[in-house]
Amino acid sequence: MPSTSRTFDITEIVNQKSVQQQQAIEFSKQQIVVLDDAKEPYNAAITNIDTSLYQDIEDVNNTIVAVSSAYQARIDAGCRSDLFWAQTGFTTDPVDTWTYECVKISYVGYPTSYTLGIGSTSIGAPIPAQYGYETDNLHGIKKYDEPYFEDLLDTYVGSGIGTIGVGTTELYILAPINSSGIQGLQVGQLVQSSKEVVFTGNVNTIVGIGTTTVDLSGITELGITTNKSTINVLTLEDASIGSALAPEDDNSFVTFTVLISPDDLPDDYAIPFGSGAYTPQTVSIMSSETIGSATSIAYINDGNPNISQQWNKFLNGFVNPDDLNVIVTPPNVGAGIQHYRVGFTSAPTELTVPATEGQVVVTDTPLGTPSSPVGFATLAACPTEEAALTTAIAARDAKESEFSSGISTFNAKIDLANAIREDVAELNLRIWAYRMQIGKAQENLAKYSEFSALINDPANKDLIDG
């Protein structure tokens, strides 16, 4: 005899829907396993090609680094100096007085008030942009990563360059929100620094998320011209033990990577229904740890900084919705540069005694005048180090020439790796769809459970059944 309880009938329908959702989850998981297995030969092929490409790049870059080491060896041996006198002040009251400071070669420049003291001039000549050093662009493989191409068990949320002071808990992510900022930030997520001495154990936990407005136009590598950008400020659980500047003293940048909270480690592969498969895109440089990843890759040798940045590629060429004065452009990401500390053949002295970094001299007899206490001492030659430098330069030039002559073969391998990645993209997009289906089914199960409990509440049950 049919049931006369409307609550019972509705509950049965809801239970059937729940079974269907559970079946959908099980089916989706099964399809994910099948599709993931189908990716294996592609992944192995991509890894093999990437490994070959990365080794080609490393072979060239290693010779560039060797040249840098050879230049530094001359300074270490004492036949070159990385110190010089900078004029930091001049006064005329009561008499003409010059102030000099012994400074070390800097890759990021000097205060505008610092000049080179020459003869008896009052102000001195500007310090050249590259004073005492040269640079060489490193070679690299640029990676373009999109969410649907990430590994299923990946804990990566996003990354970007940032700054933090010593002993503070406020981390500034230097990227405008919603255009190149880290998406999906949540309290409880972990933060890692590419610089080892910033956090204890190189990891910290986000306990608060805020925003502030800053001027990023001074960091030319970001490609931002406006002086008002809204960025994320992350409050961390533990105070930093070191600082991160933008740029650092060696003109590099510190990248902070955000990972999911340990409490959010998934027991399946569900993602929210409607999650964007293509944005944000992360642009970075391939390392030995990231071989085989990425949606696509490209060869790069433009000297842009080796950092990781995110952006919405679909906004390329359009106005930034968060800043109508800015047109969105691709991130300035490259393999970076190598500095060659050439140094000087003479070292700064005070009264013929070698000067040390930070030493200050105030005198009424300027540099270049015979009676001046500030001067330079010619350094002795070091033939062994000079010969090693000559050998290193020759090896670098030969390797770069070899690489250049074989660039067509190298680019053919890039094209092959990208062609295989295009096939993998189809599989990854299908996996992405099933993961969203699991997320939607889990959402429905929770909704049906709440609805069943609601209608079976004694007070509601009597009202429904009459």
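Treat the numbers as computed from the prediction; the structure is a model and nothing was measured. The figures here come from the full heavy-atom set of this structure, side chains too, leaving out hydrogens, waters and symmetry mates.
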How about CG on D250, more than 12 heavy atoms from neighbouring residues, nucleotides or ligands closer than 6.0 Å, or not?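 Enclosed: over 12 neighbouring heavy atoms sit under 6.0 Å from CG of D250.
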
Got more than 12 heavy atoms from elsewhere within 6.0 Å of CG, L416? yes

Trace of the salt bridge (charged side-chain N to carboxylate O under 4.0 Å, His left out) decision for K195 with E248: CA-CA 10 Å; K195 184 179 178 181; E248 292 280 271; 2.6 Å; yes

Do any N or O atoms from the side chain of [X] and from the backbone of [Y] form a donor-acceptor pair under 3.5 angstrom?
X: T235; Y: V207; answer: no
X: W432; Y: G276; answer: no
X: S240; Y: G165; answer: yes
X: W85; Y: V374; answer: no
X: T295; Y: Y144; answer: yes
X: E422; Y: A419; answer: no
X: E350; Y: T356; answer: no
X: N204; Y: Q192; answer: no
X: Q189; Y: G184; answer: yes
X: T115; Y: I123; answer: yes

Heavy-atom side-chain contact between [X] and [Y] under 4.5 Å:
X: I291; Y: T47; result: yes
X: T211; Y: I177; result: yes
X: D145; Y: S293; result: yes
X: I297; Y: I414; result: yes
X: L236; Y: F199; result: yes
X: I219; Y: F253; result: yes
X: L171; Y: F256; result: yes
X: T345; Y: T378; result: no

Closest heavy-atom contact between [X] and [Y]?
X: A277; Y: P147; answer: O-CD, 3.3 Å
X: N316; Y: P330; answer: OD1-CD, 3.3 Å
X: V333; Y: I307; answer: CG1-O, 3.2 Å
X: A392; Y: A66; answer: CB-O, 4.1 Å
X: I46; Y: A417; answer: CG1-O, 4.4 Å
X: N137; Y: I64; answer: O-CD1, 3.8 Å

Between T212 and Y172, does the side chain to side chain contact (heavy atoms under 4.5 Å, CB included) criterion hold? Intermediate values first, please. CA-CA 9 Å; T212 189; Y172 295 81; 4.0 Å; yes

Side-chain ion pair, [X] and [Y], N-O less than 4.0 Å:
X: R341; Y: E134; value: no
X: E385; Y: R74; value: no
X: R421; Y: E426; value: no
X: D56; Y: K413; value: yes

Looking just at side-chain N and O atoms, do [X] and [Y] make a donor-acceptor pair shorter than 3.5 Å?
X: Q310; Y: Q183; answer: no
X: S217; Y: D215; answer: yes
X: W311; Y: Q281; answer: yes
X: E170; Y: T168; answer: no

Verify side chain to side chain contact (heavy atoms under 4.5 Å, CB included) between Y114 and V103, making sure each step is shown before the conclusion. CA-CA 10 Å; Y114 282 31; V103 299; 4.0 Å; yes

Going by ring-ring contact (aromatic ring centres under 6.0 Å, His included), name the pairs with one or both residues in residues 318-360, residues two or more places apart or in two chains.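 For residues 318-360: Y71-Y340, F84-F344, Y107-H339, Y131-F344, Y133-H339.
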
In Å and rounded to the nearest 0.5 Å, what is the [atom1] to [atom2] distance from [X] to [Y]?
X: E146; Y: S296; atom1: CD; atom2: OG; answer: 7.0 Å
X: L245; Y: I164; atom1: CG; atom2: CD1; answer: 11.0 Å
X: I393; Y: L389; atom1: CD1; atom2: CG; answer: 4.0 Å
X: D136; Y: S68; atom1: CG; atom2: OG; answer: 10.0 Å
X: L174; Y: N232; atom1: CG; atom2: CG; answer: 11.0 Å
X: I206; Y: L234; atom1: CD1; atom2: CG; answer: 4.5 Å

According to disulfide (SG to SG under 2.5 Å), does anything in residues 217-261 pair up with another residue at least two apart or in another chain? List the pairs. none

With sequence neighbours excluded, give me every disulfide (SG to SG under 2.5 Å) pair touching residues 316-400. C79-C382

Derivation and outcome, side chain to side chain contact (heavy atoms under 4.5 Å, CB included), residues T290 and K143: CA-CA 9 Å; T290 58; K143 300 167 58 261; 3.7 Å; yes

Between W98 and T365, does a side chain to side chain contact (heavy atoms under 4.5 Å, CB included) hold up when you go through it step by step? CA-CA 7 Å; W98 289 261; T365 310; over 6 Å; no

Kindly write out the residues that satisfy ring-ring contact (aromatic ring centres under 6.0 Å, His included) with F403, not counting sequence neighbours, or none if the list is empty. H139, Y299, F410

With sequence neighbours excluded, residues passing side-chain contact (heavy atoms from CB on, under 4.5 Å) with S308: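 Applying side-chain contact (heavy atoms from CB on, under 4.5 Å) to S308 gives Y156, S159, T255, T282, S284.
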
Taken in chain and number order and not counting sequence neighbours, the residues that satisfy side-chain contact (heavy atoms from CB on, under 4.5 Å) with T390 are none

Stepwise, does the side chain to side chain donor-acceptor pair (under 3.5 Å) test hold for Q359 with Y100? CA-CA 8 Å; Q359 187 171 332; Y100 299 96; over 6 Å; no

